[in-house]
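Reviewing the structure listed below.
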Amino acid sequence: MAQFVLSRLLRALMTLFIIVTFAFFVMRLSGDPLSRFFDVATTPPEVIEAFRRQWGLDQPIWVQFYKYLGAVLHGDLGNSMRENRPALDVVLDRLPATLAVMAPTLVLKTALGLLAGITAALYRNSVFDRLIMSISVLGFTVPTFVLALVLALIFAVQLRWLPSGGYATPLHMVLPIVTLSIAGAAVIARYARSAMVEVLGQPFVRTARAKGVPWGKIVTRHVLPNAAVPIVTIFGFMLGSMVGGAVVVESVFSWPGIGRLLISSVTSRDLAVVQVILLLIGVMMVISNFTVDLLYGVIDPRMRTPHQVET
């Protein structure tokens, strides 16, 4: 088990290094932040030089990267060019707003997805199964921003039941949560149904039924545990991508979270803030995947056992 955990931990650290490197170089290759703060044609050269020197942009990019890695290892993630304060503080100020939407979304889409997927599997090839899968396909294929606009048009513009954007009251949370939950529940339902149907066709299920084991006991004690691995996989992916998935929805509904901050920071070339957000998304993905790997070892002991050569 120790070797299993160590290998997953090393892989997680390597992934974080790749994410940090990617975020650093992509932001610097995407454009000069100087153009977002000054009119290069009319600004005095000494002002431009002072700006570059202040933010370390006057040095070769490899030197900048070396210093950035050293700063990250010491817990210094840089300062925001727009607000001239630690970029981490800027991001953390927006984190509660994002979590206020993401936490209930995660619970709602998981509950709906599992309920729909398990129901479809237990009544496979029935009207319920076809209806649930048709709705799942629709929810999975419709782009999130289209779904968000349709819901806003219906419930905010036409019916006037809910506000179309903002952060003032709990009602402002409804449309973002519903939008994200529909898409997520559709994915979970498809994975849950496929996993359940595969396990229901295994010989041990037929044997249990032949022995007279109650159907409810077969499902809860035998089918669900064996179908858990693919479900845990997709759940871990969704858990890690919560912040990244909020970008579109927060923009459509004017929700002041990290996703909207990412868009504005990319537009203004606020390097440090973008790097912190991408690093946060990467850390969440790594932690969720690492947790899923550990759960694999708990759910299926074969995954933590070294391959043995048969003699």
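All residue numbers refer to positions in the sequence shown, counting from 1.
- In plain terms, the two heavy atoms of G113 and A192 that are nearest each other are O-CB, 4.5 Å.
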request  = Please assess F253 against H172 for the test side chain to side chain contact (heavy atoms under 4.5 Å, CB included), listing each intermediate value before the final yes or no.
outcome  = CA-CA 8 Å; F253 295 111; H172 289 84; over 6 Å; no
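- Rounded to the nearest 0.5 Å, atoms OG (S136) and CG (L131) are 9.0 Å apart.
- Below 30°, between 30° and 60°, or above 60°: for Y167 and W255 the angle between ring planes is above 60°, a perpendicular geometry.
- Annotation for E198 and Q202: closest pair O-NE2, 3.3 Å, computed over non-hydrogen atoms.
- Between the CG atom of L13 and the CD1 atom of I18 there is a distance of 11.5 Å, given to the nearest 0.5 Å.
- Of all heavy-atom pairs spanning V266 and R269, the tightest one is O-NH1, 3.0 Å.
- With rounding to the nearest 0.5 angstrom, the NZ atom of K211 is 10.5 Å from the CD1 atom of I218.
- Of all heavy-atom pairs spanning G139 and I182, the tightest one is CA-CG2, 4.4 Å.
- The two residues V137 and T141 come nearest to each other via the heavy atoms O-OG1, 2.8 Å.
- The local environment of CZ in F145 is sparse, with at most 12 non-hydrogen atoms from other residues, nucleotides or ligands closer than 6.0 Å.
- Atom NZ of K109 and atom CG of L112 lie 11.5 Å apart (nearest 0.5 Å).
- Linking Ile, Leu, Val, Met, Phe, Trp and Tyr whenever their side-chain heavy atoms come within less than 4.5 Å leaves V107 and I188 in two separate clusters.
- The shortest side-chain heavy-atom distance between R82 and S265 falls under the 4.5 Å cut-off.
- Hydrophobic clustering keeps I277 apart from I19 (ILVMFWY residues linked when any side-chain heavy atoms are closer than 4.5 Å, directly or through intermediates).
- Residues E250 and T98 meet the side-chain proximity criterion, which asks for heavy atoms closer than 4.5 Å.
- When side chains are defined from C-beta on, L122 counts as touching M196, because their heavy atoms get closer than 4.5 Å.
- A side-chain contact (heavy atoms from CB on, under 4.5 Å) with I258 is found for exactly one of D93, V273, L280, I281, namely L280.
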message = Set out, in order, the CA-CA distance, both residues' side-chain angles and the distance that settles side chain to side chain contact (heavy atoms under 4.5 Å, CB included) for R124 and L200, then state yes or no.
response = CA-CA 11 Å; R124 61 187 181 278; L200 286 170; 3.4 Å; yes
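- Distance alone, capped at 3.5 Å, places no donor-acceptor pair between the R85 side chain and the S80 backbone.
- In this structure the side chain of Q275 never reaches within 4.5 angstrom of the side chain of L279, judged on heavy atoms.
- Two residues are said to be in side-chain contact when any heavy atoms from C-beta on lie closer than 4.5 Å; F24 and L69 fail this criterion.
- For CH2 of W161, the number of neighbouring non-hydrogen atoms (other residues, nucleotides, ligands) closer than 6.0 Å is 12 at most.
- For the atom pair NZ of K67 and CG of D76, the computed distance is 12.5 Å after rounding to the nearest 0.5 Å.
- Counting only distance, with no hydrogens or angles, the side chain of Q64 and the backbone of Q59 share a donor-acceptor pair below 3.5 Å.
- Both V174 and L159 sit in one connected hydrophobic cluster of ILVMFWY residues. Membership requires side-chain heavy atoms under 4.5 Å apart, directly or through other members.
- A distance-only check finds a donor-acceptor pair linking the side chain of S264 to the backbone of L261 [under 3.5 Å].
- Under the 4.5 Å side-chain heavy-atom criterion for ILVMFWY residues, no single connected hydrophobic cluster contains both L153 and L147.
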request  = Kindly determine whether M102 and L180 satisfy side chain to side chain contact (heavy atoms under 4.5 Å, CB included), including the steps that lead there.
outcome  = CA-CA 8 Å; M102 292 298 107; L180 292 172; 2.9 Å; yes
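- Within a 6.0 Å sphere centred on OH of Y68, heavy atoms belonging to other residues, nucleotides or ligands number more than 12.
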request  = Tell me, with the steps shown, if T21 and F65 meet side chain to side chain contact (heavy atoms under 4.5 Å, CB included).
outcome  = CA-CA 8 Å; T21 304; F65 180 62; 3.4 Å; yes
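- The structure places CD1 of I132 at 7.5 Å from CG of L115, a figure rounded to the nearest 0.5 Å.
- The closest side-chain heavy-atom distance from W55 to N79 is below 4.5 Å.
- One hydrophobic cluster holds both W62 and L271 under the rule that ILVMFWY side chains link at heavy-atom gaps under 4.5 Å.
- Side chains of L224 and I118 form a contact here, defined as non-hydrogen atoms less than 4.5 Å apart.
- Counting heavy-atom neighbours within 6.0 Å of F25 CZ, excluding the residue itself, gives a total above 12.
- Side-chain contact between V127 and R130: present, with at least one pair of heavy atoms (C-beta onward) separated by less than 4.5 Å.
- The two residues L99 and P104 come nearest to each other via the heavy atoms O-CD, 3.9 Å.
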